[in-house]
Trainee: 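Please find one structure pasted underneath; my questions will follow.
All ligand and atom numbering here is 1-based and tracks the order in the structure.
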Amino acid sequence: MIMPTASEPIRHHHAHPIDFESVREVPDSHAWPDLHDHPTASAQGAAVPVIDLSATATNVLEQLARACESWGAFQVTGHGVPTGLLRRVEAAARGLFALPTNRKLEAARPDDGVSGYGRARISCFFPKLMWSEGFTIAGSPLDHARTLWPDDDPLAFWYVHDARVPTPHVLHHLPRPSNAAEKPCCDTSCSDVIEEYKEEMKQLARKLMRMMLVSLGLTVAEAEGKTGWIGPSEEAGGMSAVLQFNSYPVCPDPDRAMGMAAHTDSTLLTLLFQSNTSGLQVLQVVGDNGRDRTARWVTVPPMPGALIVNVGDLFQILSNGRYRSVVHRAVVSRTSHRVSVAYMCGPPAASKVEPIGKLVGPGCGPVYRPVTWPEYLSVKGKLFDKALASVMRTEVSLERI
Ligand SMILES: C=C1C[C@]23C[C@@]1(O)CC[C@H]2[C@@]12CCC[C@@](C)(C(=O)O1)[C@H]2[C@@H]3C(=O)O
Ligand SMILES: O=C(O)CCC(=O)C(=O)O
Ligand SMILES: [Fe+2]
């Protein structure tokens, strides 16, 4: 068994997040007994592939296919997203989490909503709380700006001179630190930065979707026609997406705390920016004798300017199980406050996702039944790691997956 077992969702009693900054030890509510459920691979071991999208002459499609089949995740470079934008979005993320708790709670995610501040949705499947906070932005960031940034001030953050890498540290509501550069480094508002980032991610996600479908053997026309969401005209409404900001404060005892518990994303694909701080681990299955699987956690090392791509559950459905969604988690650090930004990309809400006809053959019928993204999210919200199995066609044996 690779994933933690889903049980009935738990209602955690702590309405407010703990004050991560001031605690000196990990409280029992946040102490995880099973952080070492699988060994962690050494840095010298196999690594999640790095694919340079700008290398047109090389076998990028083959690399993609291999990465998706064997890992369900890869890093991309040469993606064309400007480094300056990545720095600004990191600053926006740090700024969001640096807001006073009462301001963050004003933007708390309602029980029945998607957007807002709070714990990861999957928290309810675990008896312990995670060492993280999150902001989910569905729809336009401008809708959130009124609560989070009443004046939507310019992103006046400062580069601190003595940091190893220039780090955007402080936002407009805090004073300029004494060792900061004379002038704030940017004058765009947070919502503008987020809007710009979403647009860049959308273009990249469409490009990757197209390439991944072609790497499965579809022609470009088939890839665009089959799904209808990635074509140039976006007639069918284009893809939809949710932006997830994660914050993992420094932790006094990282061996006992979990940043984000093991999960797969309920997306077609996720584009993750992890800034320059390590924390993401993917589960690599190393041995599978049919009954037992052996696996190990592999750290995805931060690479300047790179983005991580996770295959999500819906892509597993679309590819009829050829590309598998990756189990991943985030661990925390004693010294670095890590933030990450995930662009979680799915089909338009009304579109059914089902195994592509060309990938279904006489020897291999469709493994999954058609589902929309909202339907699947609702199943995931109830069954967590059993969600994919529950949308398999009944005639397909569970052994197949
Ligand atoms: C679209 C979505 C995917 C997500 C659930 C959500 O409705 C909005 C938040 C997303 C997120 C982000 C952090 C990890 C994750 C597992 C979670 O708890 O909330 C994902 C959800 C998912 O992929 O299932
Ligand atoms: O912070 C990370 O590295 C992982 C975040 C993640 O898995 C998510 O937002 O779905
Ligand atoms: Fe994730």
Trainee: Protein heavy atoms near atom 22 (C) of ligand 1, is at least one of them under 4.0 angstrom away?
Mentor: yes
Trainee: Relative to the Fe ion (ligand 3), which of the N, O or S atoms in His328 is the closest?
Mentor: NE2
Trainee: Just need the protein heavy atom nearest to atom 4 (C) of ligand 2, so name the residue and atom and give the distance.
Mentor: Tyr248 OH, 3.7 Å
Trainee: Please confirm whether the ring centroid of Phe97 lies under 6.0 Å from the ring centroid of Phe135.
Mentor: yes
Trainee: Less than 6.0 angstrom separating the ring centers of Tyr117 and Phe245, yes or no?
Mentor: no
Trainee: Donor-acceptor pair, Ser123 side chain versus Arg119 backbone, under 3.5 Å?
Mentor: no
Trainee: Which atom, among the N/O/S set of Asp265, is closest to the Fe ion (ligand 3)?
Mentor: OD1
Trainee: With no hydrogens and no angle check, do the side chains of Ser340 and Gln274 hold a donor and an acceptor under 3.5 Å apart?
Mentor: no
Trainee: Ignoring hydrogens and geometry beyond distance, is a side-chain donor-acceptor pair present between Lys352 and Thr372 at under 3.5 Å?
Mentor: no
Trainee: When Gln281 is tested against each of Val327, Thr40, Val298 for side-chain contact (heavy atoms from CB on, under 4.5 Å), which residue passes?
Mentor: Thr40
Trainee: Please report which non-hydrogen protein atom sits nearest to atom 10 (C) of ligand 1, along with the residue it belongs to and the distance in Å to one decimal place.
Mentor: Met344 SD, 3.7 Å
Trainee: Could you tell me if the ring centre of Tyr248 sits under 6.0 Å from that of Trp131?
Mentor: no
Trainee: So which heavy atom in the protein is nearest atom 5 (C) of ligand 1, and how far is it from that ligand atom?
Mentor: Arg121 CD, 3.5 Å
Trainee: Give me the nearest non-hydrogen protein atom to atom 3 (O) of ligand 2 as residue plus atom name, then the distance to 0.1 Å.
Mentor: Arg338 NH2, 2.7 Å
Trainee: With atom 13 (C) of ligand 1 as the reference point, say which of Gln244, His328, Lys380, Arg119 has the nearest heavy atom.
Mentor: Gln244
Trainee: Would you say Gln244 and ligand 2 have an N/O pair spaced under 3.5 Å apart?
Mentor: no
Trainee: Is the closest N or O pair between Asn246 and ligand 2 shorter than 3.5 Å?
Mentor: yes
